[in-house]
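Everything below concerns the one structure shown next.
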Amino acid sequence: MVDLELNEVNPETSRIMEANKIAAERQHEAGKLTAQERVSLLLDEGSFVEIDALVTHRCSDFGMAKKVIPGDGVITGFGTIDSRLIYLFAHDFTVLGGSVSETNAKKICKIMDLAIENGAPIIGLNDGGGARIQEGIDSLGGYAEIVWRNTMGSGVVPQISAIMGPCAGGSAYSPALTDFIFMVKKTSHMFVTGPDIIKAVNREEVTKDELGGSGVHTTKTGTAHFEAATDFDCLRGIRELLSYLPSNNLDDPPTGTSQDPPDREEPWLDDFVPADTKIAFDVKKVIVALVDDGQFLEVHKNYARNLITGFARFGNRSVGILANQSSHLAGVLDIDASLKGTRFVRFCDAFGLPIVTFVDTPGYLPGLDQEMGGIIKHGAKFLYAFSEATVPTVTIVLRKAYGGSYAVMGSKHLHTDISLAYPTAEIAVMGAEAAVSFLYRRELKIAGPNLDEVKAQKIVEYRRHFSSPHRAAERGFIDGIIKPRETRPWIVRSLWQLRNKRSSLPPKKHGNMPI
Ligand code: HXC
């Protein structure tokens, strides 16, 4: 942002001002804010300090020598959000489509280095066509330098990307390496190559929305975590997300200021979870009832809705929450849910956020599609992530915990710290019907006209064995069977006693997660 004083205006600056005005109007007509407007709306008022405002590109090919652009199409600098330091960059789509040149990439790398060294989050407001095509290897190399820093900064400082326009090539890959991606409905897109190039290369006709609109990425691919209605909502969303996160992997997250009593009981919860495992219920109601002031920021809201993930606070401490959602696909774990859960657990673990898990799942989803899609390797990632987590972990088994999903969803065997269960919990290798069909297949084969009766009787017997959490509690796999109304006090107390937890992994270069 070059500050031009009115008394300095000469014909050249007046021409630049006029061009900027037209460019800003074009952004507004497209339903987008300008890069300058985005920066001011994101940060605390008056806190922005711009760096490298006078940097220009060095390209002389393809007529570029005549184009002198102060700042070279990206705004970089630092400022505050809720008085906490953050570093940011914002592409200016009105300058060569927000494309990233060698020098523009250097500006971004400079603030990324500062953010990593000073332990503050990096926010990228992306709105551009990737590496600047006129520069060839120079811009390509520049983008590769950015993705290297995305990787080096991963797990050190939170990295948040907003996709606020058409983002191709590096402007899609670099955000994909960051922790969270916001997209704006209608105006933002993410793809490796845009529709024109796809048409030229593959002769395929596809719209920007079909290829990489916010709907595609927040529901199908899961590449993006949040969908905002407007630029303004997107920027407000980033501020909200940051309120739950520490500035770096060594800091604590900001403490909340809620007066919500830690010992608050919710008597209605005693009858809320239906004992009949076939009846679904909305686990989000349980989460909202338990967390401080009912404030829950859901992550990946429209992707793999059978597993809920999000941030909240208990007793003013930030936590990550995972919960099986029986009202969507019965809360099964499938490939998408495994990927969603893995990524979330790893983020929480990297940044010291305790994990609270609510379990009610019939298990991994059986079927050819899932097996062919690699459910084994994707499901294994989720096991790996929970096993590797060293942050405080608290698990509450609400109802079904069958098979591999019992193990993966924060079980004691994966070294969860506190494991609790409702009286309605059922912990077994599989559901009663499937187990009876397997265990008594010979008896059932010869049952003839009595088949239904015999089967029903065996199901009752099996349930008697497994329909309560007592067997698990007798073995110490469940630390306590609790009254549902007392869930919040239990969680707050558990997190309090785990607050100084110190645990580390065996020394190694890095593990080999089944990627
Ligand atoms: C130079 C670019 C550009 C680019 C867009 N422009 N992308 N200039 N380099 N990468 C320019 C356009 O020429 C145009 O200039 C202006 O920006 C606006 O672009 P439009 O095409 O008119 O806008 P729109 O229709 O909205 O389409 C936007 C787009 C499309 C989808 C981004 O421009 C596009 O497909 N661009 C190419 C994207 C691409 O393939 N990038 C991959 C780079 S490789 P004028 O002067 O006409 O207004 C890469 C790899 C990095 O990034 C690897 C990292 C590891």
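Start at 1 and go down the list; that is how both ligands and their atoms are numbered.
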(message) Under 6.0 Å from the ring centre and within 45 degrees of the ring axis: does the NZ or CZ of Lys32 meet both conditions for the six-membered ring of Phe93?
(response)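 Flagged: Lys32 positioned over aromatic ring of Phe93.
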(request) Determine the interplanar angle of the Phe78 and Tyr87 rings, folded into 0 to 90°, and report it as parallel if under 30°, tilted if 30 to 60°, perpendicular if over 60°. (result) tilted
(request) Could you pull out all residues at least two apart from Lys67 that satisfy side-chain contact (heavy atoms from CB on, under 4.5 Å)? (result)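 Lys67 satisfies side-chain contact (heavy atoms from CB on, under 4.5 Å) with His57, Met64, Ile69, Leu96 once adjacent residues are dropped.
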(message) Going by the rule salt bridge (charged side-chain N to carboxylate O under 4.0 Å, His left out), which residues pair with Asp82 if we only count those two or more places apart in sequence or in a different chain?
(response)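 If we apply the salt bridge (charged side-chain N to carboxylate O under 4.0 Å, His left out) test to Asp82, skipping adjacent residues, the hits are Arg239.
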(request) Only counting residues at least two apart or in another chain, list the ones meeting ring-ring contact (aromatic ring centres under 6.0 Å, His included) with Phe191. (result) none
(message) In this structure, is the centre-to-centre distance between the rings of Tyr303 and His217 below 6.0 Å?
(response) no
(message) Just to be sure I understand the cut-off, which residues have at least one non-hydrogen atom under 4.0 angstrom from an atom of ligand 1?
(response) Phe93, Leu96, Gly97, Ser99, Gly129, Gly130, Ala131, Arg132, Ile133, Gln134, Leu140, Tyr143, Pro166, Ala168, Gly169, Gly170, Phe191, Ile197, Lys208
